[in-house]
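These numbers were taken from a predicted model, which means no experiment stands behind them.
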Amino acid sequence: MSEKKRPVILSGIRPTGRLHYGNYFGAIYHFLRLQEQEAERYYFIADYHALTTITEPKGIFEQTLDMLRTYIACGLDPAKSIVYRQSDLPCTAELTLLLGMITNIGHLERGTTYKDKFSQLEDNPKVEGNPLSYGLLGYPVLMAADILIVRADQVPVGDDQRQHVEMACDIAQKFNSRFGEVLHIPEAVSRNALRLPGLDGSSKMGKSDNNTLDLLDDPKTALKKIQGVPTTTDPLPLDTDSNEPEMVIPKMPPGVGVLYRLLHLLAPEDVYLDFLGKYRRGEKFYGMLKKTLAQYVAEFNAPIIEKFHAPENSDDFIKDFLRDNAKKVTPVALETVEGCREAIGIGHSLYRA
Ligand code: ATP
Ligand code: MG
């Protein structure tokens, strides 16, 4: 009797800064939830991807170690997942090259990350580095390789990455229709995936956007950041047809919206609904809302900060862990790459045989 295949889960985070609440509720929260499930779990620290935005590569390695330390501090059990550095799996670059051969430039130019950068540059052409690089345009191909190389079924990511996962599915389908059923097509990202706005009121909190509330922020820093959230705009009318508290959030001015979104994620329902009532009645309460939220943030962050600094999560432990895990994922990845080489017609690698 054939054994039922365990689902394969894959997700990545770029070592571009400290982890924030968008990363936690968009991705890490799901890693923890999926930890209790029968599955193969692969999480990678996307240091190749970081190179599309970081112009000064100093510190990427240290950030990578800190990122894994933060994962563990959040509750990721090192015994239950394979966590590796993207650059420790160099055959990902080989698969990227193969997939690049069948990917149209027009398809990549429609990628939101590329389009956003393109329009930012139109407004302000004097930007350092090389923001419209071949690497940035090809970001979705590299991401497709990350996903397809381990034959992922599920890709738990935030809403901002939904389009990239769709592109990975498209690229895999195109490859299979040309060369045979070699690549496994992952599931699409749920329509309910989260996109947490930035503390500056912009549509997305992002490590590279200087608008984050971080998991390692101490109480003073968190309060200062929350107090800086713009709440001067007059409340907008509520969607009175909806009884669903969450439905109200998008109608709020951006800064107010992010405060409510965070309160909804962190505080008990009655506290959240109480503040929603104040908004409805048009009371002046933003000072109190910010203080209350800062307290919940301090409570949430305290155990993470403590575990982050725990002596057992030393640099040596983290490096050994990454090395061991790279060894575990390599045969899985090579099997996919070899399958693609064979299907395309260049045949198996002679030196790896
Ligand atoms: P950068 O600004 O450098 O791209 P980032 O904050 O966008 O950093 P990533 O490393 O690109 O973080 O993404 C890591 C994971 O966190 C992905 O699953 C992504 O979808 C998720 N994520 C990032 N920002 C948010 C957000 N604001 N809301 C929900 N999920 C998010
Ligand atoms: Mg990002």
Side-chain angles (χ1 to χ4, degrees), residues 2-12 39-52 82 84-114 132-155 157 161-189 325-353:
S2 72
E3 233 177 88
K4 193 165 172 270
K5 189 185 156 289
R6 297 195 301 170
V8 177
I9 296 161
L10 177 281
S11 192
E40 276 171 46
R41 286 168 283 268
Y42 298 103
Y43 301 122
F44 66 98
I45 319 258
D47 52 354
Y48 282 155
H49 281 297
L51 298 173
T52 59
I82 294 182
Y84 55 97
R85 243 179 5 155
Q86 189 182 28
S87 64
D88 281 328
L89 199 59
C91 58
T92 310
E94 185 178 351
L95 184 59
T96 304
L97 185 143
L98 299 181
L99 298 177
M101 298 300 170
I102 56 147
T103 307
N104 287 340
I105 291 180
H107 192 190
L108 296 175
E109 280 171 340
R110 290 194 289 279
T112 46
T113 311
Y114 183 80
L132 282 189
S133 65
Y134 169 63
L136 181 75
L137 182 67
Y139 188 112
V141 189
L142 178 55
M143 182 157 158
D146 295 323
I147 296 171
L148 302 172
I149 209 161
V150 296
R151 310 180 158 274
D153 294 292
Q154 295 169 33
V155 187
V157 288
Q161 293 295 333
R162 176 212 307 276
Q163 191 202 31
H164 289 147
V165 177
E166 279 167 12
M167 289 169 103
C169 294
D170 292 345
I171 292 171
Q173 263 148 3
K174 194 164 176 191
F175 187 98
N176 286 353
S177 68
R178 195 171 293 182
F179 301 114
E181 295 296 310
V182 176
L183 294 170
H184 180 73
I185 315 287
E187 294 165 19
V189 174
N325 282 275
K327 281 187 195 150
K328 288 184 195 160
V329 66
T330 295
V332 178
L334 283 179
E335 199 183 323
T336 307
V337 176
E338 290 292 336
C340 289
R341 290 181 60 123
E342 187 68 7
I344 285 175
I346 56 178
H348 286 293
S349 153
L350 296 177
Y351 82 91
R352 276 198 299 244

Backbone of [Y] reached by a side-chain donor or acceptor of [X] within 3.5 Å:
X      : Y      : result
Asp88  : Ala326 : no
Lys328 : Ile82  : no
Glu40  : Ala152 : no
Thr52  : Leu136 : no

Margin query: Going by side-chain contact (heavy atoms from CB on, under 4.5 Å), name the residues that satisfy it together with Pro186, two or more places apart in sequence or in a different chain.
Written below: Ile147, Leu148, Val155, Cys169

Margin query: I'd like to check the side-chain contact (heavy atoms from CB on, under 4.5 Å) partners of Glu181; sequence neighbours left out, ordered by chain and number.
Written below: Asn176

Which atoms form the tightest heavy-atom contact between [X] and [Y], and what is the distance?
X      : Y      : result
Arg162 : Val189 : NH1-O, 3.4 Å
Tyr48  : Leu142 : CB-CD2, 3.9 Å
Gly100 : Val141 : N-CG1, 3.7 Å
Lys327 : Pro331 : O-CD, 3.1 Å
Val157 : Ser11  : CG1-OG, 3.7 Å
Ser349 : Glu338 : N-OE1, 3.0 Å

Notebook entry, point to check: side chain to side chain donor-acceptor pair (under 3.5 Å): which pairs involve residues 134-155, sequence neighbours left out?
Noted result: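 Every pair satisfying side chain to side chain donor-acceptor pair (under 3.5 Å) with a residue in residues 134-155: Lys5-Asp153, His49-Asp146, Gln86-Asp146, Asp153-His184.
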
Contact between [X] and [Y] at the side-chain level, heavy atoms closer than 4.5 Å - yes or no?
X      : Y      : answer
Leu132 : Tyr114 : yes
Val337 : Arg352 : yes
Ile344 : Leu98  : yes
Tyr84  : Ile45  : no
Met167 : Leu108 : yes

If you measure from [atom1] on [X] to [atom2] on [Y], what distance do you get to the nearest 0.5 Å?
X      : Y      : atom1 : atom2 : value
Ile149 : Tyr42  : CD1   : OH    : 11.0 Å
Ser133 : Leu137 : OG    : CG    : 8.0 Å
His164 : Met143 : NE2   : CE    : 6.5 Å
Asn325 : Leu89  : CG    : CG    : 11.5 Å
Thr112 : Gln161 : OG1   : CD    : 8.0 Å
Leu183 : Cys340 : CG    : SG    : 4.0 Å

Notebook entry, point to check: Would the number of heavy atoms belonging to other residues, nucleotides or ligands and lying under 6.0 Å from CD of Glu109 be above 12?
Noted result: yes

Margin query: Would you say that more than 12 heavy atoms from the other residues, nucleotides or ligands in this model lie under 6.0 Å from the CD1 of Ile346, or not?
Written below: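 Check passes, neighbour count above 12.
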
Next item on the list: Quick one: do Leu10 and Tyr43 satisfy side chain to side chain contact (heavy atoms under 4.5 Å, CB included)? Show the steps, please.
Entry: CA-CA 6 Å; Leu10 177 281; Tyr43 301 122; over 6 Å; no

Item checked: All salt bridge (charged side-chain N to carboxylate O under 4.0 Å, His left out) counterparts of Arg6, not counting sequence neighbours -> Glu38

Check: Sequence neighbours excluded, which residues qualify as salt bridge (charged side-chain N to carboxylate O under 4.0 Å, His left out) partners of Arg341?
Finding: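 Arg341 satisfies salt bridge (charged side-chain N to carboxylate O under 4.0 Å, His left out) with Glu94 once adjacent residues are dropped.
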
Checklist line | For Phe175, all residues meeting ring-ring contact (aromatic ring centres under 6.0 Å, His included), sequence neighbours excluded | finding: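 ring-ring contact (aromatic ring centres under 6.0 Å, His included) check on Phe175 returns Phe179.
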
Item checked: Residues Asp47, Leu51; criterion side chain to side chain contact (heavy atoms under 4.5 Å, CB included); working and verdict -> CA-CA 7 Å; Asp47 52 354; Leu51 298 173; over 6 Å; no

